[in-house]
> 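Below: one structure in structure tokens.
In this text, all values refer to a predicted model and were calculated from it rather than measured experimentally. A, B, ... follow the sequence lines: proteins, then strands. Residue 1 opens every chain.
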Protein chains: 2
Amino acid sequence: MNTIEDILKKAKLNVTEGRKNILEMFVLGGGALAHADIEKNTSVSIDRVTVYRTLQTFVERGIIHLIPTTDNTILYALCKDNCSDGHHHDEHVHFICITCNKTNCLEEITVPNIQLPKGFKPIQAAMIVKGICLHCKN
Amino acid sequence: MNTIEDILKKAKLNVTEGRKNILEMFVLGGGALAHADIEKNTSVSIDRVTVYRTLQTFVERGIIHLIPTTDNTILYALCKDNCSDGHHHDEHVHFICITCNKTNCLEEITVPNIQLPKGFKPIQAAMIVKGICLHCKN
DNA sequence: AACCCATTTGCAATATCGTTGCAACTTTTA
DNA sequence: TAAAAGTTGCAACGATATTGCAAATGGGTT
Ligand SMILES: [Mn+2]
Ligand SMILES: [Mn+2]
Ligand SMILES: [Zn+2]
Ligand SMILES: [Zn+2]
């Protein structure tokens, strides 16, 4: 039935108006969101602090993940199903459109392995590509 | 003769105590630095605002470059010689050691090209690798 | 439905971070 | 050495983020 509530329950979180609202923005909107996007656009009014705490909780429970950015803003996007609790599996490439300024998770593109200098041991890698997105081309 | 002053002069900047001090930290230290590192460790006391403005100026003149991070902190490192004015050529991989917490520019490793989904046009790419660095291994 | 208890929320206070305008000071150049 | 240009520090401000605590809400029970 209701996807939004299911996600919250699966994460063992109480289903509250605020959480439903915020999660809905991720599920329906599709793209990446910043704290400010959420604070401004929720239908119900939600306190700033609650937004911070909700995002933090969602990250901890594997509902959303932080997106690396090149301009030190903080962005979040929905995780895939197999993320949970403290364990994320979001090693995909992120694409930032310089026209519409939206950030897309390219779930199907994984970060390539590269050859590091001798002595460096890689554990995790992130890749951010900037360019023109599908909708903004031509 | 004095490398520090040369770099400043080449960038058409006045040679001041503050700038010499900050630039020296980059040249001697070798690694990446955050605003806070600089504010705390300069031998002469330099105002917060001046540090901000100095870093900004150095970036504009191609002396240092911003380093992308995954935790939305802002880091800077020395540019290679061929960066100047507003034109940077720092598309190398950055390595963050999870032990010593230092960030290294891997100047010789360029960010690999990848195949994006149809319709996405790449313009610039960044890659950040986390792991254990040369000095912290074993 | 009324209750209890754990969880969640909002508010106020506080901390950190970064920017701007302006007057005083320093560096460069003549 | 004096004028002009460039740079700095201070104070004020704005944005962003964190914490403690009391009030409100949600989930489970009777
Ligand atoms: Mn993603
Ligand atoms: Mn670098
Ligand atoms: Zn776009
Ligand atoms: Zn290390």
Side-chain angles (χ1 to χ4, degrees), chain A residues 1-2 4-25 32-64 66-76 85, chain B residues 1-2 4-25 32-76 85-86:
Chain A
M1 38 159 297
N2 192 326
I4 307 286
E5 297 200 2
D6 284 353
I7 296 173
L8 291 172
K9 283 176 184 162
K10 201 174 292 177
K12 288 170 191 156
L13 292 173
N14 283 4
V15 177
T16 67
E17 278 312 301
R19 284 174 179 166
K20 278 196 285 184
N21 247 272
I22 293 175
L23 185 47
E24 197 169 39
M25 291 183 66
L33 296 173
H35 173 99
D37 297 326
I38 293 163
E39 199 185 328
K40 286 172 197 151
N41 300 325
T42 43
S43 45
V44 194
S45 126
I46 303 176
D47 189 81
R48 284 170 48 72
V49 177
T50 303
V51 174
Y52 281 116
R53 290 197 271 227
T54 303
L55 291 171
Q56 196 174 296
T57 303
F58 283 3
V59 171
E60 282 165 12
R61 299 304 172 94
I63 295 176
I64 60 179
L66 269 160
I67 296 182
T69 57
T70 49
D71 67 343
N72 82 291
T73 54
I74 308 181
L75 288 180
Y76 306 85
D85 225 6
Chain B
M1 40 159 295
N2 192 324
I4 306 288
E5 297 199 2
D6 284 353
I7 295 174
L8 290 173
K9 283 175 184 163
K10 200 174 292 175
K12 289 173 189 154
L13 291 173
N14 283 2
V15 178
T16 67
E17 279 312 301
R19 283 176 179 165
K20 278 197 284 184
N21 246 272
I22 293 176
L23 185 48
E24 198 169 39
M25 291 184 66
L33 296 173
H35 173 98
D37 298 325
I38 294 163
E39 199 186 328
K40 285 172 199 151
N41 300 327
T42 42
S43 45
V44 194
S45 126
I46 303 176
D47 190 82
R48 283 167 41 71
V49 176
T50 302
V51 174
Y52 280 116
R53 289 196 272 225
T54 301
L55 291 172
Q56 198 174 295
T57 303
F58 283 3
V59 171
E60 283 166 10
R61 300 304 171 93
I63 296 175
I64 60 178
H65 63 276
L66 270 158
I67 297 182
T69 57
T70 49
D71 67 343
N72 82 289
T73 55
I74 307 184
L75 288 179
Y76 305 86
D85 225 6

> From NZ of B/K12 over to P of C/dT28, roughly how many Å is that when rounded to an integer?
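Between P of C/dT28 and NZ of B/K12: 15 Å.
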
> Calculate the interatomic distance between B/Q56 atom CD and C/dG18 atom C1'; express it in whole Å.
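Distance, rounded to whole Å: 10 Å.
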
> The side chain of B/T50 is closest to which nucleotide in this list: D/dT8, C/dA12, D/dT7?
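Looking only at heavy atoms from C-beta outward on B/T50, the closest nucleotide is D/dT8.
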
> How long is the straight-line distance from CG of A/L66 back to CD of A/Q56, given to the nearest 0.5 Å?
10.0 Å

> Tell me whether the side-chain N/O atoms of A/T16 come closer than 4.0 Å to OP1 or OP2 in C/dT7.
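The answer is no; no side-chain N or O of A/T16 sits under 4.0 Å from OP1 or OP2.
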
> Rounded to the nearest 0.5 Å, what separation is found between the CD atom of A/E39 and the CG atom of A/L33?
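The CD atom of A/E39 sits 13.0 Å away from the CG atom of A/L33.
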
> Rounded to the nearest angstrom, tell me the gap between atom NZ in A/K40 and atom P in D/dT16.
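So the NZ-P distance, A/K40 to D/dT16, works out to 7 Å.
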
> Looking at the side chain of A/R19, which of D/dA17, C/dT8, C/dG10 is the nearest nucleotide?
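Closest nucleotide among those given: C/dT8.
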
> Yes or no on side-chain hydrogen bond (donor to acceptor under 3.5 Å, both in side chains) for B/T16 and B/N14, after CA distance, side-chain angles and deciding distance?
CA-CA 6 Å; B/T16 67; B/N14 283 2; over 6 Å; no

> Among the nucleotides D/dT19, C/dT8, D/dC10, which one has an atom lying closest to any side-chain atom of B/R53?
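Nearest to the side-chain atoms of B/R53, counting from C-beta on, is D/dC10.
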
> Decide yes or no for A/F58 and A/L8: does some side-chain heavy atom of the first lie under 4.5 Å from some side-chain heavy atom of the second?
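Side chain of A/F58 against side chain of A/L8, heavy atoms only: contact under 4.5 Å found.
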
> Once you apply a heavy-atom cut-off of 4.0 Å, does B/I74 come out as touching a base, just sugar-phosphate, or nothing?
sugar-phosphate

> Rounded to whole Å, how long is the line connecting atom CG of A/N21 with atom P of D/dG26?
13 Å

> Identify, between B/V49 and B/E17, the residue whose nearest nucleotide on DNA chain D lies closer to the 5' end.
B/E17

> List the atom of A/A11, the atom of A/I63, and the distance in Å for their closest heavy-atom pair.
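Of all heavy-atom pairs spanning A/A11 and A/I63, the closest is CB-CD1, 3.7 Å.
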
> So, under a plain 3.5 Å distance rule, would you say the side chain of A/R48 forms a donor-acceptor pair with the base of C/dG10?
no

> Without decimals, in angstroms, what is the distance between A/N72 CG and C/dT16 P?
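Those two atoms, CG and P, are 19 Å apart.
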
> To the nearest Å, how far apart are B/E39 CD and C/dG18 C1'?
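B/E39 atom CD is separated from C/dG18 atom C1' by 11 Å.
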
> Measuring from the side chain of B/Y52 (C-beta onward, heavy atoms only), which nucleotide among D/dT19, C/dG18, D/dA11 has the closest atom?
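Looking only at heavy atoms from C-beta outward on B/Y52, the closest nucleotide is C/dG18.
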
> Go through C/dT8, D/dT18, D/dC10 for me and flag the one nearest to the B/D47 side chain.
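So the side chain of B/D47 is nearest to D/dC10.
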
> Can you tell me how far P of C/dT19 sits from CG of B/L55, to the nearest Å?
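Between P of C/dT19 and CG of B/L55: 11 Å.
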
> Measure NZ/B/K20 against C1'/D/dT7 and give the value in whole Å, please.
14 Å

